[in-house]
Amino acid sequence: MQQALKKVSNGYEYAEEYVYRRAGNVNRPLEKTKPQPQPRLQPQKQYKKVEVKYVVHPANRLKRQSMILNCLTIGLCFILLIGVVSSYAKISSLNLENIAIEENIDELEAEVEQKELELSIKCNVQTITSVASEELEMGFPSASQVEKIQFVDRSVTGGEEAGQNRGWFSEFMDDLVGLLR
């Protein structure tokens, strides 16, 4: 047995030793045998090619078509569900933007009310007179400092003034012609 292991480790094949020992050649030394060359195959005869048609049974064809239809239906439902979920996500993001904008509007309205209150306090007649007399050292005018201006309504007076009221374009054209002469 040890001799067989040595031979196996040295490159001999174990199967050869086993065959010789079974045949009764225990004492005969093992020889390395060269593998026999394989005989060349003779060219085979050319057979006619047979056309094979794969025919599916009509029941199996219906099963396949129904499976494909079911897969397409499930795929379409999945795509529709994805569309619904994405549209709800878009709606919720727009609602969050609206809430933020409404909060901003409320803050701005409160600020406007605050500014209006400050303005109404500062535009009071008593406040204006106290600021004018104290800070600007102003007083009420005397009778000699007051001038009266009287406005005349052109449409009521009529006459020449009504005839000269031709409009701004005609006045502009007259001024332009006067400049060019």
Side-chain angles (χ1 to χ4, degrees), residues 8-9 11 14 46-181:
V8 168
S9 65
Y14 178 72
Q46 295 289 334
Y47 295 106
K48 291 182 180 177
K49 291 187 177 180
V50 179
E51 187 175 332
V52 178
K53 290 186 178 180
Y54 183 69
V55 179
V56 180
H57 193 271
N60 288 340
R61 182 177 294 141
L62 288 175
K63 284 181 184 177
R64 286 183 183 173
Q65 288 175 350
S66 67
M67 286 178 11
I68 290 172
L69 183 64
N70 288 341
C71 290
L72 290 175
T73 305
I74 290 170
L76 180 65
C77 290
F78 185 71
I79 290 171
L80 290 175
L81 286 174
I82 288 173
V84 167
V85 169
S86 66
S87 64
Y88 276 119
K90 182 70 175 173
I91 288 171
S92 66
S93 68
L94 291 175
N95 281 340
L96 289 175
E97 284 182 28
N98 283 344
I99 290 170
I101 289 171
E102 286 175 357
E103 289 174 357
N104 190 14
I105 288 172
D106 292 340
E107 290 174 3
L108 292 175
E109 285 177 350
E111 187 177 335
V112 165
E113 289 177 4
Q114 178 72 22
K115 297 292 182 182
E116 285 178 352
L117 181 63
E118 291 174 5
L119 184 64
S120 66
I121 291 173
K122 289 183 179 180
C123 289
N124 190 358
V125 174
Q126 294 170 350
T127 309
I128 292 174
T129 54
S130 66
V131 167
S133 62
E134 292 173 7
E135 292 179 14
L136 302 175
E137 298 177 1
M138 296 174 73
F140 288 101
S142 62
S144 63
Q145 293 175 336
V146 176
E147 294 284 332
K148 291 188 178 183
I149 300 173
Q150 187 176 15
F151 293 101
V152 178
D153 190 12
R154 290 185 178 183
S155 62
V156 175
T157 58
E160 294 177 11
E161 292 179 7
Q164 291 180 356
N165 191 6
R166 298 180 303 184
W168 67 272
F169 184 74
S170 59
E171 290 177 11
F172 174 74
M173 288 302 294
D174 289 342
D175 290 341
L176 187 63
V177 169
L179 288 174
L180 293 176
R181 287 188 184 172

### Task
Apply side chain to side chain contact (heavy atoms under 4.5 Å, CB included) to the pair L119 and E116, showing each step before the final yes or no.
CA-CA 5 Å; L119 184 64; E116 285 178 352; 5.5 Å; no

### Message
side chain to side chain contact (heavy atoms under 4.5 Å, CB included) for E113 and L117? Distances and angles first, verdict last.
### Response
CA-CA 6 Å; E113 289 177 4; L117 181 63; over 6 Å; no

### Query
When rounded to the nearest 0.5 angstrom, what distance separates CD in E109 from CD in E107?
11.0 Å

### Message
Would the distance check show the side chain of N104 and the main-chain N or O of A100 forming a donor-acceptor pair, the cut-off being under 3.5 Å?
### Response
no

#### Entry: Q126 atom CD: more than 12 heavy-atom contacts under 6.0 Å
no

### Message
To the closest 0.5 Å, what do you measure between CD1 (I99) and CG (N95)?
### Response
6.5 Å

### CD on E111 to NZ on K115, rounded to 0.5 Å
6.0 Å

### Query
What distance separates I128 CD1 from S133 OG, expressed to the nearest 0.5 Å?
12.0 Å

#### Entry: Distance, nearest 0.5 Å, that separates CD1 of I91 from CG of L96
12.5 Å

### Query
Okay, side chain of T127, backbone of C123: is any donor-acceptor separation there less than 3.5 Å?
no

#### Entry: From C77 atom SG to L72 atom CG, the distance as rounded to the nearest 0.5 Å
11.0 Å

